[in-house]
Amino acid sequence: MEEFPEIMTREKKEEKHELPELENVEGKVVMRMAPSPSGPLHIGHSRMAILNDEYVKRYGGELILRIEDTNPNNIDPDAYDMIPQDLNWLGVNVTKKVIQSSRMDIYYNIARDMIRKGILYILEKDQAIFHDLKLKSIPAEERSYTPETNEEKFDKLLSGYYSEGEAAVVMKTDLAHPNPSVRDWIAFRINTAPHPLTGNKYILYPTMNFSVSADDHLLGLTHIIRGIDHLVNTEKQKYMFRANNWKIPEYYHYGFISIPDTILKTTVIKQGIKSGKYSGWDDIRLGTIMALKKRGYRPETFRKYWINSGMRESNATFSWEIFNSMNRELIDYDAKRFFFVKDPREVKLNNTNKLKSHAAIHPGRPELGYREYEINPKSSIYFPSGEFEKLKENDRIRLKDLCIVLKNEKEFKYMPEDNDKKLKIIQWVPLNSNDIKIYKPDGTVDDGKIEPLASGKKGVVQLERYGYVNLSEHMGFYLHR
RNA sequence: GCUCCGAUGGUGUAGCACGGCCAAGCAUUCCGGCCUUUCGAGCCGAUGACUCGGGUUCAAAUCCCGGUCGGAGCACCA
């Protein structure tokens, strides 16, 4: 190779995006996804699901789906089913499912043990007062009570002696910690709202920081990937690991991603469904996994996109452009081509001979054959009215795969074939085409006609010069250009 | 305000732990051209970035200090 150095410099390095290796992997990994069951998953959630899934697939091990339902006020019972369905569609391989509300006794036992060790204490103070003490780094008097006293009060807590807000279980951390919220955080609180799964059986619920730490340890998590919104929680949870002498997992936090022009907020969606604004969780105006699936996105696109995004801690903007491009690459091979005419206008053609159209079903795959229609002499076609209005008198255009025409007042004049390469090419459909409505993610609907050969077709097709559309019955859902 | 985190072209990322092979790679978009009877696919070309200021060093995107900007947290939510 010394003789041909210039050849070497031309070599292109093919770069594929891969996730970085995890630290301290000893054999297999145990990872988890921990959504709260407030609704189905949306595109933002798919990141944590896929990142975790990718690593478990790489190293082998377990991927736990842990549903965090320790706050009865924020639960949609349907989510218990919708979340696993969304994950399944995304190709995420959950090996174990855990529901926190069914583990209450486990949390109580750990709490009792920690009370005996003097790590937890029972607070009988108002939230505001406690908050104020923490701000000033002043210990509450209960902090120094004996384990016996605390255990007694813990039993009272369980038995319903206290009502909401009167008492709570507190985790001792470090009152000198620079971040007040890390100082002595609340581990259990009373909530008397009925739980969708357990009803009124429990009134003392662990807070997320307690149940998460307990479960991450008990389930043997080795590596945890989650958003930077949990950075402070990680710090809080490490106190619990250290206090119990548990092995601390490796933590990774990825940055926030803002997803433009997309409706994701569960509360907003729920309200919209209730008021009739949205047809359901899969309304294509939404950013839920269900809606994206309905539009025709492929699960592999999500995977590719999130692998490409990596795990940086810096915030970023989601790029529909790149996402769509990745999806296009996946669907194009199987997307048959058809003509769609939006806002059709019947335009007369003054041809004297019968015309035959000849359009490829897929220009890259001639073996699939052609779409052919016959246009009788002095007949008409449907043409997009928007395009028609843009034409000037005597403009020549090509009706795609049919013939050249010239605009003459309200009609098209048939023109003989020539080799003019610069002609504008516009699609059309024959008169026996079917009506179709195409729903778009921005909430608008395009009414039009789709060529006869597309009738009954389902799945993603490409409507030439219009975009990719997921067809179903007499409607279509717009995917992307 | 306090605590913590981050900053590479329009967008997304690679590189940064071990400074030199980075006058910065890849993808996407935009712009030009070729091909094509799609605004799809393919091909070619072009534009475009290390937040700023200091310091260390023969050498800094990479290390140190400071500023600016952005974000998160500051709940008996998750």
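Residue numbering restarts at 1 for every chain, and letters A, B, ... go by the order of the sequence lines.
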From CD of A/Glu235 over to P of B/U3, roughly how many Å is that when rounded to an integer? 13 Å
Please classify the nucleic acid contact of A/His131 as base, sugar-phosphate, or nothing, using heavy-atom distances under 4.0 Å. sugar-phosphate
Between the side-chain atoms of A/Glu321 and the base atoms of B/G10, is any donor-acceptor pair under 3.5 Å? yes
Scan A/Gly165 against the nucleic acid and name what it touches under 4.0 Å (heavy atoms): base, sugar-phosphate only, or nothing. base
Work out how far the P atom of B/A59 is from that of B/C5, and round it to whole angstrom. 31 Å
Mind checking who B/C31 pairs with, Watson-Crick or G-U wobble, both distances under 3.5 Å? B/G45
Does the side chain of A/Gln237 pick up a donor-acceptor pair with the side chain of A/Thr234 at under 3.5 Å? no
Under 3.5 Å, is there any donor-acceptor pair linking the side chain of A/Arg312 to the base of B/U13? no
Measure from NZ on A/Lys134 to C1' on B/C74 and round the result to the nearest Å. 9 Å
What does A/Thr70 touch in the nucleic acid at a heavy-atom separation under 4.0 angstrom: a base, only the sugar-phosphate, or nothing? sugar-phosphate
B/U47 and B/U57: how far apart are their P atoms, nearest whole angstrom? 37 Å
How far, in whole Å, is B/A14 from B/C50 if one measures between their C1' atoms? 12 Å
Quick one: label A/Gln127 by what it contacts on the DNA or RNA (base, sugar-phosphate, nothing), any heavy atom closer than 4.0 Å. base
So does A/Arg189 get a side-chain nitrogen or oxygen closer than 4.0 Å to the phosphate oxygens (OP1/OP2) of B/A75? no
How would you label the contact of A/Tyr333 with the nucleic acid (heavy atoms, under 4.0 Å): base, sugar-phosphate, or nothing? nothing
Stacked cation flag A/Lys407 on A/Phe388, 6.0 angstrom / 45 deg: yes
Could you work out the separation of B/G9 and B/A49 based on their C1' atoms and round it to a whole Å? 4 Å
With C1' as the reference atom in both, quote the distance from B/A46 to B/G55 in angstrom, rounded to an integer. 39 Å
Sticking with atom C1', work out how far B/C39 lies from B/C30, rounded to a whole angstrom. 14 Å
Students often get this wrong, so: under 4.0 angstrom with heavy atoms, is A/Ile228 touching a base, only sugar-phosphate, or nothing? sugar-phosphate
Would you classify A/Arg337 as touching base, sugar-phosphate or nothing, given that sugar-phosphate means primed atoms plus P, OP1 and OP2, and contacts are heavy atoms under 4.0 Å? base
Is it true that A/Arg337 and A/Asp401 have a side-chain N and a carboxylate O under 4.0 angstrom from each other? no
What nucleic acid atoms does A/Asn324 come within less than 4.0 Å of, heavy atoms only: base, sugar-phosphate, or nothing? nothing
Using a 4.0 Å heavy-atom cut-off across all strands, classify A/Gln100 as base, sugar-phosphate, or nothing. nothing
Tell me: CG of A/Asn191 to P of B/C76, nearest whole Å? 14 Å
Option among A/Arg345, A/Lys342, A/Arg465 that satisfies the side-chain hydrogen bond (donor to acceptor under 3.5 Å, both in side chains) test with A/Glu387: A/Arg465
For B/A17, is chi within 90° of 0 (syn) or not (anti)? syn
Is A/Lys422 touching bases, backbone alone, or none of the nucleic acid, heavy atoms closer than 4.0 Å? nothing
Tell me whether the guanidinium CZ or amine NZ of A/Arg371 lies under 6.0 angstrom from the six-membered ring centre of A/Phe339 and within 45° of its axis. yes
Quick one: label A/Asp126 by what it contacts on the DNA or RNA (base, sugar-phosphate, nothing), any heavy atom closer than 4.0 Å. base
Compare all side-chain heavy atoms of A/Val98 with those of A/Leu65 and state whether any distance is below 4.5 angstrom. no
What integer distance in Å separates A/Ile190:CD1 from B/C76:C1'? 9 Å
So what does A/Asn74 hit on the nucleic acid, given a heavy-atom distance under 4.0 Å: a base, only sugar-phosphate, or nothing? nothing
Does A/Tyr297 have A/Arg295 sitting over its ring (NZ/CZ under 6.0 Å from centre, angle to axis within 45°)? no
Integer angstrom distance from the P of B/G71 to that of B/A78: 26 Å
Assign A/Pro363 to base, sugar-phosphate, or nothing according to its heavy-atom contacts below 4.0 angstrom with the strands shown. base
Taking the C1' atom in each of B/C65 and B/A60, what is the distance between them to the nearest angstrom? 15 Å
Would you mind telling me which of B/G12, B/G73, B/G40 lies closest to the side-chain atoms of A/Arg481? B/G40
